[in-house]
Amino acid sequence: MNKIFPQGDANGSAAAGSKALPGGEADCSPCCCSRRGACLSAFLMLLLTALAALIALVAILGPPPRTPGAQACVTQTNRTGFLCNDRSSCIPASSVCDGVRACAHGEDEEEALCRAVPQSLPGFLVAHCGDPASWIYSDQMCDGINNCGDCSDELSPVTTCPPCGPGWWRCPSAVFRYCSCIPRSLCRDHLQHCFDWSDEYSCPGP
């Protein structure tokens with residue numbers, strides 16, 4: 001009777017318990033595959049936890065504030081103004097970077113806007129005087145007041161302003177504060193405000 005030996009290699013040795021894969025790698029054992037699956041599950045859980053924490057933080061603190069670019073507007077006195085972030089409040093140009101918060105959220109006093117005045121201000125807020133080194137806020141042009149100190153914000157050739165309004169009297173002012181017009185409230189007060197004294201003899205008063 002012939003004795004049958006187990007199938008083996010050329011040397012007659014028994015086959016290994018696991019079959020070799022191409023390239024010499026063995027199949028993943030159940031233990032190895034289970035460990036990899038656990039690591040992947042743990043990573044996904046950690047990612048989902050971080051995402052949930054971020055969503056909860058945004059819900060508590062709210063979204064980051066929106067910082068729109070500065071925009072011009074027209075005030076109730078028909079002057080150039082600064083539009084606040086609420087898109088409804090229009091404050092005078094000269095109220096920007098004056099140390100007092102005029103907008104509800106204080107955007108008119110933000111550091112980025114006020115760090116190097118006037119260079120850091122939007123162009124629509126700034127007006128230049130006859131002296132290139134001097135500047136004023138744009139809403140101070142043609143307001144009847146000598147804001148530049150040389151009346152260049154009220155007189156040509158630097159500025160072209162409309163005639164004196166109904167509350168003003170036109171004359172060559174003898175007072176530094178005014179240029180070519182004085183308030184009618186100064187007429188007939190027994191003090192000289194015009195070089196030609198017309199505020200006392202010609203002006204009909206307020």
**Request:** Look at the side chain of E109 and the backbone N and O of V96, then say whether any donor-acceptor pair between them is shorter than 3.5 Å.
**Result:** no
**Prompt:** How far apart are the C-alpha atoms of D98 and S95, what are their side-chain angles, what is the distance that settles it, and do they pass the side-chain contact (heavy atoms from CB on, under 4.5 Å) test?
**Reply:** CA-CA 6 Å; D98 63 349; S95 294; 4.2 Å; yes
**S120 to A112 - nearest heavy-atom pair and separation** = CB-O, 3.8 Å
**Request:** Establish whether V117 and F82 are linked, either directly or via other cluster members, by ILVMFWY side-chain heavy-atom contacts under 4.5 Å.
**Result:** yes
**Prompt:** Would you say the side-chain atoms of E154 pair up with the backbone N or O of T159, donor to acceptor, closer than 3.5 Å?
**Reply:** no
**Message:** Rounded at 0.5 Å granularity, tell me how far OG in S152 sits from CG in D131.
**Reply:** 8.0 Å
**Message:** L51 and side-chain contact (heavy atoms from CB on, under 4.5 Å): which single residue from I55, L47, T49 fits?
**Reply:** I55
**Prompt:** Sub-3.5 Å donor-acceptor pair from the side chain of E107 to the main-chain atoms of N85, do we have one?
**Reply:** yes
**Complete:** dist N147:CG -> S134:OG (nearest 0.5 Å) comes out at 11.5 Å
**Prompt:** Do side-chain atoms of R188 reach the backbone of C203 as a donor and acceptor pair under 3.5 angstrom?
**Reply:** yes
**Message:** Checking the side chain of D139 only, and the main-chain atoms of R79 only, is there a donor and an acceptor separated by less than 3.5 Å?
**Reply:** no
**Prompt:** What are the two closest non-hydrogen atoms of Q71 and R87, and how far apart are they?
**Reply:** NE2-NH2, 3.3 Å
**Asked** Between C90 and C84, is the SG-SG gap less than 2.5 Å?
**Response** no
**Prompt:** So, for F124 and A70, which heavy atoms are closest and what is the spacing to 0.1 Å?
**Reply:** CE2-O, 4.0 Å
**Asked** Do P204 and R184 have side chains that get closer than 4.5 Å, going by heavy atoms?
**Response** yes
**Closest heavy-atom pair and its distance - Y137, A93** = CD2-O, 3.2 Å
**Request:** Verify the neighbour count for atom CG of D86: are there more than 12 heavy atoms of other residues, nucleotides or ligands below 6.0 Å?
**Result:** yes
**Prompt:** Would you say E111 has more than 12 foreign heavy atoms packed within less than 6.0 Å of its CD?
**Reply:** no
**Asked** From L113 CG over to L121 CG, what is the distance, rounded to the nearest 0.5 angstrom?
**Response** 5.5 Å
**Asked** Looking at CD1 of I145 and SG of C179, how far apart are the two atoms once the value is rounded to the nearest 0.5 Å?
**Response** 8.5 Å
**Asked** Could you give the distance from CG (D143) to SG (C181), rounded to the nearest 0.5 Å?
**Response** 11.0 Å
Run the side-chain donor-acceptor check on residues 160-178: report pairs under 3.5 Å with partners two or more places apart or on a different chain.
| from | atom 1 | to | atom 2 | distance (Å) |
| --- | --- | --- | --- | --- |
| W169 | NE1 | S198 | OG | 3.0 |
| S173 | OG | V175 | N | 3.0 |
| S173 | OG | V175 | O | 3.0 |

**Item:** Distance in Å, L125 CG paired with C97 SG, rounded so as to fall on 0.5 Å steps
**Value:** 8.0 Å
**Fill in**
Between D153 and Q140, the two heavy atoms sitting closest are OD2-O, 3.7 Å
**Message:** Ignoring hydrogens, what is the shortest heavy-atom contact between D199 and L191? Give both atom names and the distance.
**Reply:** OD2-O, 2.9 Å
